[in-house]
Amino acid sequence: MTLHASLDAAALDGLVALRRDLHAHPELRFEERRTAGIVAGRLAALGLEVHSGLGGTGVVGTIRGEGPGAILLRADMDALPIAEESGVAHASRHPGRMHACGHDGHVAMLLGAADALARGPKPGGTVHLVFQPGEEGGAGALRMIEDGLLDLFPVEACFGLHNWPTLPIGHFGICAGPVMAAGVRFTILIEGRGGHAAQPHLAVDPIPVGCALVGQLQTLVSRRTDPLAAAVLSVCMFNAGSSDNVLPSSAEIRGTLRTLDGDVMARLRDGMAALVEGVSAAHGARGRVTFHGAYPLTANAPAEARFAAETMRHLVGPDAVEEPTPPNMTSEDFGFMLERRPGAYALIGTAEPGRPSPALHAPTFDFNDAAIPLGVGYWLGIARGWWGRDAA
Ligand SMILES: [Zn+2]
Ligand SMILES: [Zn+2]
């Protein structure tokens, strides 16, 4: 175990202080200007080549090693529009926004790796450290790609890491194939005809249409999808009406659809469109669904997943590596990178034994700083191990 070999106590204290400072100053998607400034400043101070402003507020730091070839290590920087209830001393100073997904920890871990890599020993080739904006619903990874990320920084493989509060601290999770779901958000608009609450026969009330649809939509998963294929459809918003004696003219329903298979996703989208139009028409209303914010499947390449697992085993021992870790129905915009380059998206445990961990996106969440040296150790293992790996 060479876990702390590249991270002395002072360096670790510095990373914890940095992580807590980022936690106290969360920034929402594509507004990560302070965070990006800190990242760029630290990378420049280490003597790295720094490229800022990619995909809005994205930052890339480059470490050139001896030989040919390049890989990409990615952290996300954005926070969420949630009012923090953690009660910690370093809680958000900004009402209504907080680091509830631990991206503050992701930034600290990758900066810790940057520091150790800059001091040496250098990796066998080039390592691009990517700090991306807008992971939370903003497809920041895609924005960086559209801004030329993979042209400016050509890589043979890409790696991502997310903290995981149901996995014990000191443990890692990895799997080949799907690790996170393909996801898409939907908005259903039902247009009826408004009228007096006491004269429903003179109106086309969109509310019972919407209620019928909320129930009917679930049959797409329960009756139209192979029970062995994972799919979830959640209605999360239902907005209609503004008075208790007026029938509204329209209703809006919004939610999300997730699958672990692109074909299942396509069939469910078609099924939704048919159901929304058909059920609405049967009630004399007009309904249509629009889809937006699609995230692809986050699917790990077998060879890179194997290399990631080997790196983990070297770091924490075979008993602390969950392989294959079960896939999740959450979504991740790292999938946009994995669509274009082989790579692996891994999970790092943050759960303390005997202490319930708040879930990701919970208002009580706070990243577990005890994971920082492990995350740094993982990144160093990937960066330094890539060029000496057994690629068989
Ligand atoms: Zn999140
Ligand atoms: Zn996250």
Side-chain angles (χ1 to χ4, degrees), residues 19 22-23 25-32 35-36 39 55-58 73-86 92 94 96-111 130-144 158-167 172-174 178-185 232 234 236 255-256 258 293-298 300 325 327-338 343-351 357-369 371-372 374-375 378-379:
R19 204 286 295 176
L22 295 173
H23 190 89
H25 301 94
E27 295 172 298
L28 299 181
R29 63 188 185 208
F30 302 117
E31 293 174 0
E32 308 91 338
T35 310
V39 167
T57 48
L73 314 182
R74 171 273 209 170
D76 36 17
M77 303 190 288
D78 55 325
L80 283 151
I82 297 173
E84 181 157 356
E85 298 171 15
S86 71
S92 172
H94 303 285
R97 52 188 214 245
M98 74 172 287
H99 269 294
C101 206
H103 298 182
D104 46 348
H106 298 171
V107 171
M109 292 189 294
L110 195 54
L111 281 176
V130 174
F131 297 84
Q132 76 150 78
E135 192 287 320
E136 299 288 359
L142 182 61
R143 288 268 286 266
M144 287 190 85
C158 55
F159 294 90
L161 181 66
H162 207 291
N163 74 100
W164 212 248
T166 53
L167 202 60
F172 285 83
I174 186 74
V179 58
M180 297 235 173
V184 71
R185 297 164 191 228
V232 61
S234 288
C236 306
T256 179
R258 315 277 173 110
Y295 275 18
L297 199 62
T298 300
N300 289 337
T325 198
N328 290 277
M329 298 309 283
T330 48
S331 293
E332 225 321 318
D333 71 354
F334 193 66
F336 288 111
M337 295 195 186
L338 289 174
Y345 184 81
L347 308 179
I348 177 170
T350 52
S357 296
L360 295 172
H361 293 203
T364 49
F365 183 87
D366 184 34
F367 180 84
N368 185 351
D369 288 321
I372 290 178
L374 293 147
Y378 174 72
W379 282 135

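Just follow the structure's listing: the first ligand is 1, and inside any ligand the first atom is 1. Worth knowing before you read on, the calculation uses all heavy atoms, side chains too, and leaves out hydrogens, waters and symmetry mates.
Applying the side chain to side chain contact (heavy atoms under 4.5 Å, CB included) test to Ala36 and every residue at least two apart in sequence or in another chain returns Thr57, Val59, Met77. Taking Tyr295 as the reference, Phe336 meet the ring pair (Phe, Tyr, Trp, His ring centres under 6.0 Å) condition, with sequence neighbours excluded. Residues satisfying the ring pair (Phe, Tyr, Trp, His ring centres under 6.0 Å) criterion with His23, sequence neighbours excluded, are His90.
Counting only protein N, O or S atoms, the number found under 2.8 Å from the Zn ion (ligand 2) is 3.
Of the listed residues (Trp164, Trp379, Tyr378), just one forms a ring pair (Phe, Tyr, Trp, His ring centres under 6.0 Å) with Phe172, and that residue is Tyr378.
Using a cut-off of 4.0 Å between Lys/Arg side-chain N and Asp/Glu carboxylate O, Asp104 and Arg19 are scored as salt-bridged.
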Might you work through the salt bridge (Lys or Arg N to Asp or Glu O under 4.0 Å) test for Glu332 and Arg74, ending with a clear yes or no?
-> CA-CA 12 Å; Glu332 225 321 318; Arg74 171 273 209 170; 2.8 Å; yes
